[in-house]
Amino acid sequence: MSNQRQEAPDRNLALELVRVTEAAAMAAGRWLGKGQRKSGDQAAVEAMRLFFRTIDIDGTVIIGEGEKDKAPMLYNGERVGSGQGPAVDVAVDPVEGTNLLALGRPNAIAVVGLAPTGSMVDPGPSYYMQKLAVPAAAADVIDLDAPVAENLKRTARALEKDVEDLVVFVLDKPRHQELIARIRQAGARIQLHTDGDVAGALMAVDPHSEVDIMMGTGGTPEGVLAACAIRSIGGQMLARIDPQSDLERSNVIEAGIDLKQILSIETLVSSNNTFFAATGLSGGTFLRGVEYSGKGATTHSLVMRGRSGTVRYIRSTHCFEKLSQYSSVAYG
C-alpha cells in the first residue's frame with residue numbers, strides 16, 4: 001500500500017454549471033423552429049443570468065455578447081456568480097447556433113466554460129479565427145500553415161485511415177468555397193453545417209464521433225469555449241485570428257493582436273483546471289434536444305472537467321410545477 005498522500009477531491013464546478021445550461025436550454029427550446037432568433041436567445045440569457053446567481057464563484061465574463069451597451073445579453077466584463085468562491089474567467093454562449101434554433105435545425109446548444117482568472121485569452125475586437133481541430137491521436141501532426149491535402153494525409157495516417165475515409169466538418173459559408181474544393185480534390189468526405197462552431201470542434205476531437213477533423217474559419221469566442229472542453233476530452237485545436245472585414249482587421253491590429261500568431265488549446269486557455277457544460281437545444285448528432293411533456297421536460301447535457309479528464313453525459317428530468325415554486329424562469 002502506497003504511503004503517498006492523496007489530495008482530497010475538490011468541487012467539480014461543471015456539475016453546478018449544468019444547471020445553468022439546462023435552464024437556458026429549457027427556456028430557449030420553446031422557440032425551436034419559430035424563426036425568432038432574438039426571442040430564443042433572450043430567453044436563454046435571462047435563464048442563465050438567474051441561475052448563475054446560485055453558483056458560488058466570483059466570475060467575470062471574458063467571452064460573452066460584446067460590450068455592456070449591448071445588454072441585456074451576458075456582456076464582456078459582466079460579473080456573474082454569488083461573488084463567493086474561486087475567481088474565474090467565464091465563457092458563455094446562451095444559444096450556440098441561434099439560426100439553428102430559429103430554423104429548427106440540429107446541434108444548437110447552450111454552453112458555458114470556466115477557467116481560473118487570467119487563464120482565458122481575451123479575444124478583444126476579434127470575431128473570427130481560422131481553426132483546425134483533430135482527435136488526440138493526430139494532435140502532434142497537424143500544421144495550420146500546411147496545405148489542406150497535407151493535413152488530411154497526416155491526420156489520416158495518425159488515425160490509421162485512408163484520406164477517403166475521413167469526414168471533415170466545415171461551416172457552409174461563402175468564405176470556404178476554396179477550402180471545400182481542396183478537401184474534395186484530396187478525396188476526403190465533408191459534413192457541411194450552417195452553424196455550430198463549438199459542436200463542430202468537439203465532434204472533431206471526440207474519437208467516437210463520425211467527424212475526424214474540423215477545418216475553416218469560425219467564431220473567435222467559440223474557439224475559446226471549445227478549448228475549455230478540449231482540455232478534458234483531449235485532442236488539439238490550432239487557431240489564428242482571421243478578420244473577415246477591413247474594420248475588424250484594423251480594430252484587431254489597433255488592439256495589438258498578432259495576426260500571425262498560432263494559438264493552441266494551451267494558449268487559448270492556459271490552465272487545465274477548466275469546467276465545461278453544454279445542454280442540447282435542437283437535438284442532432286451532438287446532443288439530443290429538449291423534450292417537453294405536459295408537466296415537464298427532459299434535457300441531455302455534456303459535462304467535463306479538464307483537471308481530471310472526466311466527461312459525463314447527463315439525462316435530467318424536470319418537473320415544471322415544482323420548479324415554478326422557487327424559480328422565476330418561464331419554462332411553460
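Every value quoted in this text rests on a predicted model; they were computed, and no experiment measured them. Starting from 1, each residue takes its place in the sequence as its number. Values reported hereafter were calculated over all heavy atoms of this structure, with side chains retained and with hydrogens, waters and symmetry mates removed.
Note on Arg79 versus Asp58: salt bridge recorded, some NZ/NE/NH1/NH2 to OD/OE distance being below 4.0 Å. Using a cutoff of 4.0 Å between basic side-chain nitrogens and carboxylate oxygens, Glu164 and Arg189 are not scored as salt-bridged. Contact check on Asp195 versus Lys173 returns a salt bridge, with a Lys/Arg side-chain nitrogen under 4.0 Å from an Asp/Glu carboxylate oxygen.
Heavy-atom neighbours of Arg182 CZ from other residues, nucleotides or ligands within 6.0 Å: at or below the threshold of 12. Around atom CG of Asp145, more than 12 heavy atoms belonging to other residues, nucleotides or ligands sit under 6.0 Å away. Other residues, nucleotides and ligands place more than 12 heavy atoms under 6.0 Å from the NZ atom of Lys161. Within a 6.0 Å sphere centred on CZ of Arg312, heavy atoms belonging to other residues, nucleotides or ligands number 12 at most.
Leu281 is not listed as a side-chain neighbour of Ile109, based on a closest heavy-atom distance of 4.5 Å or more. Between Arg175 and Thr217, some side-chain heavy-atom pair lies under the 4.5 Å cut-off. Considering only heavy atoms from C-beta on, Leu247 comes within 4.5 Å of Ser250 through its side chain. The side-chain heavy atoms of Tyr292 and Arg30, taken from C-beta on, include a pair separated by under 4.5 Å. Looking only at side-chain heavy atoms (C-beta outward), Leu238 and Lys131 stay at 4.5 Å or farther from each other. You'll find the side chain of Leu114 stays beyond 4.5 Å of the side chain of Asp89, heavy atoms only. In this structure, the side chains of Thr155 and Arg157 stay at 4.5 Å or more apart for every pair of heavy atoms. Residues Asp197 and Leu171 have side chains in contact (heavy-atom distance under 4.5 Å, counting atoms from C-beta outward).
Linking Ile, Leu, Val, Met, Phe, Trp and Tyr whenever their side-chain heavy atoms come within less than 4.5 Å leaves Val121 and Ile265 in two separate clusters. When the side chains of ILVMFWY residues are joined at heavy-atom separations under 4.5 Å, either directly or via intervening members, Leu144 and Leu152 end up in a single hydrophobic cluster. Val80 and Val45 fall within a single hydrophobic cluster, where Ile, Leu, Val, Met, Phe, Trp and Tyr side chains are chained together by heavy-atom contacts under 4.5 Å. Taken together through direct or relayed side-chain contacts under 4.5 Å among Ile, Leu, Val, Met, Phe, Trp and Tyr, Ile55 and Met48 form part of one hydrophobic cluster. Placement of Leu159 and Val134 within a single hydrophobic cluster is found when ILVMFWY residues are connected by side-chain heavy-atom separations under 4.5 Å, directly or transitively.
Between Gly104 and Leu32, the shortest heavy-atom contact is CA-CD1, 3.6 Å. Smallest separation of non-hydrogen atoms from Val269 and Ala227: CG2-CB, 3.9 Å. Residues Ile257 and Pro125 share a closest heavy-atom pair of CD1-CD, 4.2 Å. Annotation for Ala25 and Ala110: closest pair N-CB, 4.2 Å, computed over non-hydrogen atoms. Heavy atoms only, all atoms of each residue included: Glu96 and Val198 are closest at OE2-N, 3.3 Å. Residues Glu248 and Tyr128 approach most closely at OE2-N, 3.1 Å, considering heavy atoms.
The distance from the CD atom of Glu16 to the CD1 atom of Ile57 is 8.5 Å, given to the nearest 0.5 Å. To the nearest 0.5 Å, atom CZ of residue Arg154 and atom CD1 of residue Ile213 are 11.0 Å apart. One distance of note links CG of Leu259 with CG of Asp242; it measures 8.5 Å at 0.5 Å rounding. Here the straight-line distance linking atom CD1 of Ile241 with atom OH of Tyr127 works out to 12.5 Å at 0.5 Å rounding. With rounding to the nearest 0.5 Å, the separation of CD1 in Ile183 from CG in Leu166 is 10.0 Å. Considering CE of Met304 and CD1 of Ile230, their distance stands at 9.0 Å, rounded to 0.5 Å.
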| Given Gln244 and Arg249, is the side chain to side chain contact (heavy atoms under 4.5 Å, CB included) satisfied, shown in steps? | CA-CA 7 Å; Gln244 295 299 296; Arg249 178 177 292 274; over 6 Å; no
| field | Intermediate values then yes/no, side chain to side chain contact (heavy atoms under 4.5 Å, CB included), Thr60 and Val90 | value | CA-CA 6 Å; Thr60 302; Val90 181; 6.0 Å; no
| task | Under the side chain to side chain contact (heavy atoms under 4.5 Å, CB included) rule, what do Tyr313 and Leu287 come out as? Steps first, then yes or no, please. | result | CA-CA 9 Å; Tyr313 288 89; Leu287 284 170; 4.3 Å; yes
| message | For a side chain to side chain contact (heavy atoms under 4.5 Å, CB included) check, start with the C-alpha distance between Met203 and Asn107, then their side-chain angles and the critical distance, and finish with the verdict. | response | CA-CA 11 Å; Met203 286 190 279; Asn107 295 329; 4.2 Å; yes
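Every residue two or more places apart in sequence or in another chain that forms a side chain to side chain donor-acceptor pair (under 3.5 Å) with Ser316 is listed here: Glu22. Residues meeting the side chain to side chain donor-acceptor pair (under 3.5 Å) test with Asp56, sequence neighbours left out: Ser82.
Checked by atom type, the side-chain pair Thr279/Ser301 shows a donor-acceptor distance below 3.5 Å. A side-chain donor from one of Gln42 and Glu46 sits under 3.5 Å from a side-chain acceptor of the other. Donor-acceptor pairing under 3.5 Å is lacking for the side chains of His318 and Thr298. Side-chain contact, Thr220 with Ser126: a donor N or O sits under 3.5 Å from an acceptor N or O. With 3.5 Å as the limit, one finds no donor-acceptor pair spanning the side chains of Asp41 and Thr98. Side chain to side chain, Arg19 and Thr54 meet the donor-acceptor criterion of an N or O pair below 3.5 Å.
Formation of a donor-acceptor pair under 3.5 Å by the Ser232 side chain with backbone atoms of Arg305 is found in this model. Between the side chain of Asp172 and the backbone N or O of Thr194, no donor-acceptor pair lies under 3.5 Å. Panel note: side chain Ser209, backbone Asp206; no donor-acceptor pair is recorded below 3.5 Å. Distance alone, capped at 3.5 Å, is enough to place a donor-acceptor pair between the Thr117 side chain and the Ala87 backbone.
Of the options Leu202, Leu225, Val92, a side chain to side chain contact (heavy atoms under 4.5 Å, CB included) to Val111 is made by Leu225 and by none of the others.
Stacking of Arg231 on the aromatic ring of Phe276 is not recorded, the 6.0 Å distance cut-off and the 45° axial limit not both being met.
For residues 179-226, the ring-ring contact (aromatic ring centres under 6.0 Å, His included) pairs, not counting sequence neighbours, are Phe169-His193.
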